[in-house]
Protein chains: 2
Amino acid sequence: MADDRPDSAGSDFDGSGGERLTYESSGVDYDRIDPLKVLAQRAARDTGANLDGAGAREVAASRGESAYVVDIGDAYLASITECLGTKALVADAMCEASSVLRASEESEESKASEASRRTWYDHIAQDTIATAVNDIVTVGARPLSIHAYWAAGSSDWFDDVERMNDLVEGWKAACDVLGVAWGGGETPCLTGVVEEGAIDLAASCVGIIRPKSRLTLGEDLSAGDAIILLESSGIHANGLTLARKLSERLPEGYATLLPGGRTYGVALLDPTVLYPPVTEAAFAAGIDLRYIANITGHGWRKIMRHPGRFTYRITEVPPVPEVLKFMVDETQQTAEEAYGSLNMGAGFALFVRPEDGDAAVACAETEGIRAWVAGVVEDGPRQVVIEPLGVTLAGESLALRD
Amino acid sequence: MADDRPDSAGSDFDGSGGERLTYESSGVDYDRIDPLKVLAQRAARDTGANLDGAGAREVAASRGESAYVVDIGDAYLASITECLGTKALVADAMCEASSVLRASEESEESKASEASRRTWYDHIAQDTIATAVNDIVTVGARPLSIHAYWAAGSSDWFDDVERMNDLVEGWKAACDVLGVAWGGGETPCLTGVVEEGAIDLAASCVGIIRPKSRLTLGEDLSAGDAIILLESSGIHANGLTLARKLSERLPEGYATLLPGGRTYGVALLDPTVLYPPVTEAAFAAGIDLRYIANITGHGWRKIMRHPGRFTYRITEVPPVPEVLKFMVDETQQTAEEAYGSLNMGAGFALFVRPEDGDAAVACAETEGIRAWVAGVVEDGPRQVVIEPLGVTLAGESLALRD
């Protein structure tokens, strides 16, 4: 356990302005969670042999990857459970602001703007699903079914019919885009566990890897392979604690206008891109996907998610979404800090043979997602070198396996 | 939405004593959650056709059952996500009490009782896993892998090394008993969503139904079939909101002694029975399981979980665990209220052909779980008739499907 971390109490930056705001000082303290993760990972590893009696076998190499894989004979199964995090708190704040606006407008203009209230839970639903499906496809799985986990702090949560409808409709719409079945879910009321007025959102997903040759665990990744980066839509679901802290020290908070004319809060709520249609298109096109990485927490450090000793040299840097550029500027982060913690415009990475690079980009663009042949895998120390920015993210800074 | 329900605010019974305490008045208001469930169920149902492109097919009859089933060709997959609920709050209170005890003893007897602190999170881990696996086996699945969902309110939660170890060890031990692989999990810190000091615990599970003849959705349930009830260990993970409310009005709270000499709090924390070894044994013994029901929320009303028009006549009532008898007496519940909301000593039900009754009981007892041929399925209105108690639970009181 690290004792030299700043305290994670939530009020360090209230109204102070101008001070540097880093990922750790915003209240997320990864080093304090990691000992539990390591303990759990070790105990979990020892349970793999339990499958021997079930006519199944674990794929041990999937431990440490983004989804767990079991061999059931003529196919592999993949499974995952993922949490949205705290992004719904931004939606709650924005909805509250729009309700206040409506109330004041109603008194002045007698209900002229009934439509101005916006819950944003359709976007939040897509974000929650994206956290699970964007991970499960990295092992080559085709997502089949999703379960919802919506734990509210009180029964009151369910009284807001508009928000309920948005959550349900957004969840269904994302399932339809993905071609997955919404299998069910759990909607408990957890007074005393979940905060009054809040909701804890998560999704679990089951996928199938068939034919078995689709299994993608990175054994074939080689020097010379091309790195394809796929655009993000904005902050996605990582870095929201920092984003919320920043809003507290902005005089206008979420209502702060970005240069393009949208507010900071609205831009934060752009829903996470759903990448599974791209991996499906790539498999359908016969592209040899050598490795796949979802760029989430730890930002571009996730480009070196593969356990091998490789240097990832980036020569083309995708444009940075306005909301991320604003956050980085306002919190005075260095490029190394920003690219080491946020997606900075690239939410997903495919690693393919060099001759497949253009075809992989075409698969993404056919699905409406911009993509770039952004770099190359090289033999060398494990690191990400972002050449145009003069930034190097060192391998030791990403410890996902004990 | 029902407007005639008592308010769910949490302080109705503080210190008042003697007043009747029912399930609804304790703060769980199922009728206010149900509209969301219905909305979500309908939207989810419409996504089943999405699997057509995936070489898979949903088993529509599994909607409304306890786990979702997908046909992948030579096997069925089952999946589920389940929440512990608020039982961890009881463990937290008991751990707190033992720590205070230790601290006062330390000052008097200089650390004579170092070992008296007890976190109970090994039991809580088993409870959480039980909520998922006891449901997934009801469709005939053999559980394969489990994912953990442990969402803490702050990084501080992970500083208690003893509690962390108990949670991890209890989780692994339950997986080993079940013969399932612990595939991974999510351990987020959700400040602002989960209460400071609390943890939101859930589990997701994937199972396989192979051979496909194991699929158990109740098509063959018939008048004359025997009802086998399996013993519970105590409250399991349902009714904890009521249990916590009761502790607030007991002068000695969780430290109240039960007639057998244990405290109320310790008895509440008896871990939920893991029933999957019994269903596996029954399948191995060639017993024709016509239907399976996990008795959780809604108590014995779950015996009529099957959608058919049957009367379930109970002629043998298992002994009531001391902690449940105490709760029912203290809250002055009628037998109808008690059996309609708590497991009352029967945590799981198997429905078998009459000639298989004794063999089913033997399967349970071989696994160390007491069981009874407790009744019979009859043609008639959908209801549970508990003959020895003169109690009838009406079918309309259990609406699981819209």
Side-chain angles (χ1 to χ4, degrees), chain A residues 8 10 27-29 32-33 36-37 39-40 43-44 47-48 50-51 53-54 56 58 68 70 72 77 79-83 85-86 89 142 144-145 147 149 151 154-155 158 164 168 172 175-176 179-195 198 200 202 204 206 208, chain B residues 8 10 27-29 32-33 36-37 39-40 43-44 47-48 50-51 53-54 56 58 68 70 72 77 79-83 85-86 89 142 144-145 147 149 151 154-155 158 164 168 172 175-176 179-195 198 200 202 204 206 208:
Chain A
S8 64
V28 177
D29 194 345
R32 289 171 75 191
I33 304 175
L36 171 64
K37 283 200 173 175
L39 201 68
T47 64
N50 287 341
L51 291 178
E58 90 162 11
Y68 183 62
V70 172
I72 58 164
L77 295 184
S79 57
I80 196 165
T81 296
E82 289 291 324
C83 172
T86 59
L89 296 176
R142 199 280 188 205
L144 289 180
S145 63
H147 279 262
Y149 182 73
S154 69
S155 303
F158 304 102
M164 264 170 51
V168 168
K172 179 180 185 300
C175 288
D176 288 342
V180 308
W182 178 1
E186 180 83 332
T187 54
C189 167
L190 299 182
T191 304
V193 175
V194 174
E195 297 258 10
D200 181 13
S204 61
V206 181
I208 192 163
Chain B
S8 64
V28 176
D29 195 344
R32 290 173 74 193
I33 304 175
L36 171 64
K37 282 199 175 177
L39 200 67
T47 64
N50 287 340
L51 290 179
E58 89 161 12
Y68 182 62
V70 171
I72 58 164
L77 296 184
S79 56
I80 195 166
T81 296
E82 288 292 326
C83 173
T86 59
L89 296 176
R142 198 279 189 206
L144 289 180
S145 63
H147 280 261
Y149 183 72
S154 68
S155 304
F158 303 102
M164 263 170 52
V168 168
K172 178 180 185 301
C175 288
D176 289 341
V180 307
W182 179 2
E186 180 84 329
T187 55
C189 167
L190 299 182
T191 304
V193 175
V194 174
E195 296 259 11
D200 181 13
S204 60
V206 180
I208 193 163

Heavy-atom proximity to chain A below 4.5 Å, by part of [X]:
X: B:L89; answer: side chain
X: B:I208; answer: side chain
X: B:A198; answer: side chain

Determine the option with the most heavy-atom pairs under 4.5 angstrom with chain B, choosing from [options].
options: A:A40, A:C175, A:G48, A:G185; answer: A:A40
options: A:L190, A:T86, A:V206; answer: A:L190
options: A:G184, A:S204, A:C83, A:G85; answer: A:C83

Heavy-atom cut-off 4.5 Å, strictly under: side chain, backbone, both or neither for [X] against chain B?
X: A:V180; value: backbone
X: A:A54; value: both
X: A:S145; value: side chain
X: A:I72; value: both

How many angstroms lie between CG in B:N50 and NZ in A:K172, if you round to the nearest 0.5 Å?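 With rounding to 0.5 Å, CG (B:N50) is 7.0 Å from NZ (A:K172).
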Among the listed options B:A43, B:A151, B:A202, B:A56, the residue most often paired with chain A at heavy-atom distances under 4.5 Å: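 Looking at each of B:A43, B:A151, B:A202, B:A56 in turn, B:A43 comes out on top.
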Quick check for you: among B:V193, B:V194, B:V168, which has the greatest number of heavy-atom pairs under 4.5 Å with chain A?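 Most heavy-atom pairs under 4.5 Å with chain A: B:V193.
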Which atom of [X] lies closest to which atom of [Y], heavy atoms considered:
X: B:L51; Y: B:Y68; value: CD1-OH, 4.2 Å
X: B:Y149; Y: A:D200; value: OH-OD1, 2.8 Å
X: B:L144; Y: A:L77; value: CD1-CD1, 4.1 Å
X: A:E186; Y: B:T81; value: CB-O, 3.8 Å

Can you find a heavy atom in the side chain of B:L39 that is under 4.5 Å from one in the side chain of A:F158?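 They are not in side-chain contact.
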